[in-house]
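Working notes, structure below.
Note on naming: letters A, B, ... go to the chains in the order of the sequence lines (proteins, then strands), and numbering restarts at 1 for each one. Remember, it's a predicted structure, so these values are computed and weren't measured experimentally.
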Amino acid sequence: MTDQITRRVFLRRAAASGSILTVPGLLAACGGGKSSPGTTGDTTSHQLAKTLHFSNWTLYIDNKPGGRHPSLEQFQKKYGVHVDYREDINDNPTFFSKIEPDLQRGQPTGRDIIVMTDNSRYPSLLIQKGWVEKLDKSAIPNMKNLIPQQRHPNWDPNRDYSLPWQSGFTGIGWNEKLTDPVTSMGDLLGNKKLKGKVGLLTEFADTLALVMAYNGDDPSHVTDQTFNRAIDTIQKAVDSGQIRQFYGNDYAGALSSGDLVATMAWSGDIVQLQADNSHLKWQLPDTGGDIWTDNMLIPKGGNVYTASVYMNFVYEPKIAAEIEDYVNYVCPVQGAKEVLVKEDPSIANNPLIFPTKKMLDNVHTIDPKALNNQKYQTTWQNLTSA
Amino acid sequence: MGFGFLHRHRGSTAYLLLAPGMLFLVVFFLVPLGFLAYQSLESGSIDFGYAFTWAWDNYSSAITGYGTQFKRSFAYAGIATAIALLVSYPVAYWIAFRGGRWKNLLLLCIVAPFFVTYLIRTLAWQTILSDDGLIVRTLTDMHILSPGGRLLATGTAVVAGITYNFLPFMALPLYVSLEQIDQTLIEAAEDLYASKWTAFFRVTFPLSLPGVVAGTLLTFIPAAGDFINAQLLGSTTNHMIGNVINSKYNELIDYPAAAAMSFILMAIILALVLIYARAVGSEKLTG
């Protein structure tokens, strides 16, 4: 593992600041990148644009000193397309409110590819509102390399609009110096020895999915009854003082310092944190975890052909491996592992990066309808910001 | 136009000088405020769009749904303001009357935390109040805190964080008004057989009231709307109305509800300020 100031370590510090301190609505309404996108409006042409405007999360691609991204340089060399790579996504809601005014008015956002997480409501919302373009699948033959578990998400069943960039698991992290292994949600929510030292995630989809699976309900099909049951379970844990706080990325600091003994946690964070603190452990809960995926999408007005050609490029196993070697999240591209086995075996053999089939069978994805249910969202918000 | 213009139009000079400020306020304060007011009466959702419908129930449901957080915000802000006053007054007093040639250096020390961003200062308190940190361990050893007790992720930590973060807003106006006091007045009181305490309560304190009023307002108003301290130092039951507004706006994308809550917060603060000004006498506000 080289260049280990990777994405999450940075985010851990930045997220607390970034996500809290943004005043997105007004600022977005006033400013926002209005540079012309790499298109002249003819989104179906098979001509490559000069520039591809790509908005991604911070530290989420291969990085070399001097701010270089070798994979992007190779793309430029091969296709003659310059990539205007912007790391301007810090969290889903804020980024959405940044592009929403343009989409609402039917104006191009100045971007050809954006990356949004499917455990937020936004990817399905963008599709519903017709604010994203269909992929040009004829330009993406490498789509065959997408791992089978990712081919038919319930919010975009045929991957007509989206292609995974990276995924991550939501499970339980704990500090083995301070507690016995915590591998079940029952333990996390009810073990008296952990009282006041347990964190849950503010992210609605993550917490809901794990608790619903624990209740024996199906997270991919949420009903009022199963939703309320999950809320009751969480409320009980909150009322008993078991839960210290609901966290975003900032649980990482609390877990490292010992203020949290066990917490719901994202797999990629733990890969990073383990580099500093080998006592941190992570596992999917026995009743199942949650998998979320950051998806590449083409916002309305983006250049479909150029974006599709780029997507095809990153789905070449060799390129995917290069990116994965830096990013350390869950790789959606078949064949990348085989490349890395030779080049960086510690990455290739890490089940948090290339998960086993058993792990993939033990994870759920959340019902997109629940994510877009305003009533559920409000109930959740009232619980987490009481 | 040169100075000649100003000479010929004496009366307009003031307006010309005021113009940039007024323009700034109109563009960056009044216009957004109007926009916010409009938004607070909309209904709908991000999925289907918002429409202006005179939706007054945004206001009523904000009060019925989040009364607890409103009350908690004012309670936390009130306690923090009181503590800040009690802590700052002696400090400001000492600097003003006994600071001598160290005055500027001491004032700089008060302002020093401002050189670090708000967020980093608050994050530092996470470390200071950590369960395994020095303060918690010391308090536990002294049996002030029960074993397994904690400071971080409690209401105490939130109030402490707010107090600390807004302390300079209290201390500086206090210093300014204390520094302006004519010391011969205090000597005169003592010549007339007032004890030190009587002189303080009859002369010094009343003369410093403008500073007290300015300091409490500057502390209380932003503190009531704060959400960073509650988010970083609080627990699941310590959230303030700022947290609710933030999550309504950023997570639920429920702009109307967030706007309505902002207006309610503003209205309550305005009412409290008016009552306060009436109580201490409005002439004290301007000194």
Side-chain angles (χ1 to χ4, degrees), chain A residues 13 16-26 29-30 91-94 96-97 100 104 120-122 125 128-129 178 195-197 199-200 202-204 234-235 237-239 241-248 250 253-254 257-261 372-374 377-378 380-386, chain B residues 28 31-32 35-36 39 44-50 61 65-66 68-69 72 117-120 122-123 126-127 129-133 136 148-150 152-154 227-228 230-255 257-259:
Chain A
R13 290 160 198 149
S17 53
S19 61
I20 303 167
L21 285 184
T22 41
V23 192
L26 271 179
C30 300
D91 65 292
N92 290 293
T94 311
F96 180 78
S97 46
E100 190 251 357
Q104 187 87 54
S120 78
R121 57 198 304 211
Y122 304 104
L125 184 63
Q128 254 176 48
K129 299 214 99 176
L178 303 174
K195 193 178 170 192
K197 298 277 197 177
L200 296 182
T202 43
E203 205 66 61
F204 175 62
I234 301 165
Q235 186 72 58
V238 168
D239 292 344
Q242 181 81 354
I243 310 303
R244 189 181 181 95
Q245 180 66 292
F246 290 90
Y247 293 88
D250 51 337
S257 72
D259 287 342
L260 285 177
V261 170
N372 282 322
N373 185 318
Q374 197 76 20
Q377 290 273 2
T378 307
W380 175 247
Q381 188 240 353
N382 290 346
L383 172 60
T384 54
S385 62
Chain B
F28 292 106
V31 171
F35 182 64
L36 203 66
Q39 212 167 31
S45 69
I46 182 68
D47 305 13
F48 304 108
Y50 295 107
S61 55
Y66 302 97
T68 325
Q69 285 88 344
R72 190 181 291 137
T117 65
Y118 185 37
L119 200 77
I120 302 292
T122 313
L123 283 172
Q126 281 191 343
T127 314
L129 299 179
S130 170
D131 290 8
D132 206 25
V136 170
R150 68 182 195 218
L152 190 59
T154 62
F227 64 99
I228 307 269
Q231 179 148 343
L232 296 181
L233 305 176
S235 181
T236 50
T237 49
N238 304 121
H239 287 106
M240 298 167 69
I241 196 64
N243 301 86
V244 179
I245 295 175
N246 178 45
S247 91
K248 285 271 184 211
Y249 207 102
N250 277 335
E251 278 143 43
L252 290 179
I253 332 182
D254 190 349
Y255 300 144

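Under the 4.5 Å side-chain criterion, counting only non-hydrogen atoms from C-beta, M240(B) is not in contact with F227(B). Two residues are said to be in side-chain contact when any heavy atoms from C-beta on lie closer than 4.5 Å; V238(A) and F246(A) meet this criterion.
Contact of N372(A) with chain B is made through backbone and side chain together, with heavy-atom distances under 4.5 Å. Heavy atoms of A257(B) lying under 4.5 Å from chain A are absent altogether. Of the atoms belonging to Q104(A), not a single heavy atom falls under 4.5 Å from chain B. For L125(A), the part sitting under 4.5 Å from any heavy atom of chain B is the side chain, from C-beta outward, and nothing else. Neither the backbone nor the side chain of S120(A) has a heavy atom closer than 4.5 Å to any heavy atom of chain B.
Between the side chain of Q69(B) and the backbone N or O of S385(A), at least one donor-acceptor pair lies under 3.5 Å. In this structure a side-chain-to-backbone donor-acceptor pair under 3.5 Å is present from R150(B) to G196(A).
Between the side chains of D91(A) and T94(A), at least one donor N or O lies within less than 3.5 Å of an accepting N or O. Under the 3.5 Å distance criterion, with hydrogens and angles disregarded, a donor-acceptor pair is assigned to the side chains of D239(A) and Q235(A).
Most heavy-atom pairs under 4.5 Å with chain B, from the set Q377(A), Q128(A), E100(A): that is Q377(A). Considering only heavy-atom pairs separated by less than 4.5 Å from chain B, the leading option among K129(A), K197(A), K195(A), R244(A) is R244(A). Among T117(B), L152(B), T68(B), T122(B), the residue with the largest count of heavy-atom pairs under 4.5 Å with chain A is L152(B). The most heavy-atom pairs under 4.5 Å with chain A, out of L36(B), N243(B), D132(B), L252(B), come from L252(B). With chain A as partner, the option from G65(B), S130(B), A153(B) having the largest number of non-hydrogen pairs under 4.5 angstrom is S130(B).
Using the six-membered ring where Trp is involved, F204(A) and W380(A) have ring planes that are tilted, between 30° and 60° apart.
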